[in-house]
Amino acid sequence: MPLLTHIAPPKVLASEKLSPDGLALLRSGVEVHEKKGLSHEELLTIIPEYEALLVRSETKVTASLLQAAKRLKVVARAGVGVDNIDVEAATKLGIVVVNSPSGNIGAAAEHTIALMMSMARNIPEACKSLKDAKWERSKFVGVEVKGRTLGIIGLGKVGLIVARSAKGLGMNVVAVDPYASQAVASSASVTLIPSLSEMLPKVDFLTIHTPLIASTKGMISTNELSKMKPGARILNVARGGTIDEVALLAALESGHIAGAAIDVFTSEPPTEGSSAAKLIAHPKVVATPHLGASTVEAQENVSIDVCEQVLHVLQGSLPRSAVNAPLILPEEYVKLQPFVQLIEKLGSLYTQHYTSTSGSLNRNTFDLVYQGEIAGLNNTKPLFAALIKGLTMPISSSAGPNVNIVNAELIAKERGIVVNERHSRDPSSHSYSSLVTLVARPPSRTSSRAPPGAATQPSNGPQVPQLRQQQVISGTCSGSQPLITRLDRFETSFIPEGTLLICHNYDSPGKIGVVGSILGRKKVNINFMGVAPVSNKLPEGEDGEDVNADKDADSLNEALMILGIDRVVDPDVLDALVGEGGVLSGRVVTL
Ligand SMILES: NC(=O)c1ccc[n+]([C@@H]2O[C@H](COP(=O)([O-])OP(=O)(O)OC[C@H]3O[C@@H](n4cnc5c(N)ncnc54)[C@H](O)[C@@H]3O)[C@@H](O)[C@H]2O)c1
Ligand SMILES: O=C(O)[C@H](O)COP(=O)(O)O
């Protein structure tokens, strides 16, 4: 029998060219396979091996690909647009989709300005003519942008940088964006115009910086082009499809539109005879093959950004920019992260400490009580997900590892787990700045709103004191270090990490020595040891019951002994601790 079980490192597939800077971050703990130019069929064949998929805009991450991926936890888009990823299908499968929302925005904005200047001064045609050994100075007279009006559709991240750069070139800048803030527009000296039809007749150059969504698909078509000034010019570095390519071709042919500079197309690469191919071939069009984000700097940024997030997801932490999860503000993220770890540990400790190996939780209704500073958080979805993950991880190899903020609610529902989240800003009952308590409710008491003191046991059952039935675990974070502060009725302070032996015993002299010698005899090394006495405090989340009312002298003398040990012990060690050592019960948990 092998002594060590080898756990293979997770595998990541990069199906497009990504900057090595990000990939280098992954390589320390992850196996990275770079395989460019695979067909969809080839991808379908190999995807079941991978835990993460890294893409840019070329790989079509379809529902069938995601379904074929048996172990996939995360699809990472090294860039902004996720229109090549079936995000809905990923969400249903619990696969997190992350992107890099701002790693390449500067590059896209600079490319827009570069295209605008190239178009205004006929740079590509003049360059080509000169290389063809011609000297045609009068043919390539351009126009200046200074003093002209640039109209921006979409004053988001890229649009705003374009606006500021254009102001630097001496242009007047106007914009339409139904969701843009007046204050942000004013800060960039941009005039917001209420509607597109009002803006179009005013502009000499028009540039699009919206995503491709239902409201922006084909938003510049024959009608809109006809409203523009004769001789106006148009740019698209956002997404193919926002401009109707056939309508633009006609407007260029008629001469109403003097020129177009386009980086993105309805088909990429353009298929022969398509409107995209015709546009690219048109003499009044400056075209680039989707190069907006193609700078060394932008590629480093997006690669590092998404590779870090892939590591986070694979390690079970929160990614910064999950596309299919609720937005987490960066400051919330920093605050939440240690508590995500803590709550996952609370859940895992609960299941291992209180549940037999039968494969199901013995209680499935929980109060998750946030107290102190942590109670001020509005978005606790990641904490909820961490609890479901922790609870299910030790008992389900299918559910546990795959729980994330995307699918936690669904998995909880499927397994009948009910969690009542409660917030209390009152720090008076404890000395921690934040405290999180998990209380498992007895089966008969399914609502956190049950009145204080309500009967929670069958009247004809054995009258075990109420407090003995408590299944309570509390924890806090000291900096970024999770700590368990209460387990059951016992006050404690231990780091939930590694293999722990939790012994329940009467607190009598010599007990530690007896336990230590049994473990020594069984060749079990002890890394640390702590004794947890009965708490005289009301467990957080319990209302108004007298903590010690039901206790007899013996129960007040009970304690937990928590030992950090170097391996999972065989049942005979636990039997020896109970038989010879006089321990009431012993349990091994791995956290
Ligand atoms: N060519 C490239 O290589 C490249 C590189 C980066 C980004 N992009 C693309 O550029 C676009 C903009 O990126 P971003 O990061 O600035 O996005 P963003 O989300 O920050 O900004 C988009 C803006 O469009 C606005 N908008 C949405 N619908 C609108 C409508 N109907 N009319 C007017 N405005 C509307 C939104 O309010 C938002 O302010 C995206 O399509 C992105 O994929 C392309
Ligand atoms: O959405 C984006 O980030 C850009 O379109 C860049 O796409 P790319 O990574 O394929 O260059």
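Atoms within a ligand are numbered from 1 in the order they appear, just like the ligands themselves. Keep in mind that the numbers below use all heavy atoms, side chains included, and drop hydrogens, waters and symmetry copies.
- For the residue pair H282 / E253, a side-chain donor-acceptor distance below 3.5 Å is found, with atom types taken as modelled.
- Under the 3.5 Å distance criterion, with hydrogens and angles disregarded, no donor-acceptor pair is assigned to the side chains of E421 and H423.
- Each of the atoms 31 (N) of ligand 1 lies under 4.0 Å from some heavy atom of S215.
- Within ligand 1, counting atoms from 1 as listed, the ones closer than 4.0 Å to a heavy atom of L155 are 39 (O).
- For atom 5 (C) of ligand 1, the nearest protein heavy atom (residue, atom name, distance) is A108 CB, 3.5 Å.
- Atoms of ligand 1 found under 4.0 Å from any heavy atom of I153, numbered from 1 in the order shown, are 33 (C).
- Set against the non-hydrogen atoms of D263, the atoms of ligand 1 under 4.0 Å away are 1 (N), 2 (C), 3 (O).
- Ligand 1 places these atoms under 4.0 Å from at least one heavy atom of R239: 41 (O), 43 (O), 44 (C).
- Looking at I208, V82, V158, V176 and measuring to atom 16 (O) of ligand 1, the nearest heavy atom belongs to V158.
- Against a heavy-atom cut-off of under 4.0 Å, A293 is close to the following atoms of ligand 1: 3 (O).
- Using modelled atom types and a 3.5 Å distance limit, the side chains of N223 and S221 yield no donor-acceptor pair.
- Atom numbering of ligand 1 starts at 1 in the shown order; those under 4.0 Å from a heavy atom of V237 are 1 (N), 2 (C), 4 (C), 8 (N), 44 (C).
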Could you list each nitrogen or oxygen of ligand 2 that sits under 3.5 Å from a protein nitrogen or oxygen, with the atom names and the distance?
{"from": "ligand 2", "atom 1": "1 (O)", "to": "R77", "atom 2": "NH2", "distance (Å)": "2.9"}
{"from": "ligand 2", "atom 1": "1 (O)", "to": "G81", "atom 2": "N", "distance (Å)": "2.7"}
{"from": "ligand 2", "atom 1": "1 (O)", "to": "R239", "atom 2": "NH2", "distance (Å)": "2.6"}
{"from": "ligand 2", "atom 1": "3 (O)", "to": "R77", "atom 2": "NH2", "distance (Å)": "3.4"}
{"from": "ligand 2", "atom 1": "3 (O)", "to": "V80", "atom 2": "N", "distance (Å)": "2.6"}
{"from": "ligand 2", "atom 1": "3 (O)", "to": "N104", "atom 2": "ND2", "distance (Å)": "2.8"}
{"from": "ligand 2", "atom 1": "5 (O)", "to": "R239", "atom 2": "NH1", "distance (Å)": "2.9"}
{"from": "ligand 2", "atom 1": "5 (O)", "to": "R239", "atom 2": "NH2", "distance (Å)": "3.1"}
{"from": "ligand 2", "atom 1": "5 (O)", "to": "H290", "atom 2": "NE2", "distance (Å)": "2.6"}
{"from": "ligand 2", "atom 1": "7 (O)", "to": "R77", "atom 2": "NH2", "distance (Å)": "3.0"}
{"from": "ligand 2", "atom 1": "7 (O)", "to": "H290", "atom 2": "NE2", "distance (Å)": "3.4"}
{"from": "ligand 2", "atom 1": "9 (O)", "to": "R56", "atom 2": "NE", "distance (Å)": "2.8"}
{"from": "ligand 2", "atom 1": "9 (O)", "to": "R77", "atom 2": "NH1", "distance (Å)": "2.9"}
{"from": "ligand 2", "atom 1": "10 (O)", "to": "S57", "atom 2": "N", "distance (Å)": "3.1"}
{"from": "ligand 2", "atom 1": "10 (O)", "to": "S57", "atom 2": "OG", "distance (Å)": "2.4"}
{"from": "ligand 2", "atom 1": "11 (O)", "to": "R56", "atom 2": "NH2", "distance (Å)": "2.7"}

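- An N or O contact shorter than 3.5 Å is missing between L212 and ligand 1 by distance.
- Given atom 12 (C) of ligand 1, the protein heavy atom at minimum distance is H209 O, 3.4 Å.
- From the protein, the heavy atom lying nearest to atom 10 (O) of ligand 1 is A238 CA, 3.7 Å.
- A180 does not count as a contact of ligand 1, since none of its heavy atoms falls under 4.0 Å from the ligand.
- One option in D83, T210, N104 has a heavy atom closer to atom 35 (C) of ligand 1 than any other, and that option is T210.
- The protein heavy atom nearest to atom 39 (O) of ligand 1 is D177 OD2, 2.6 Å.
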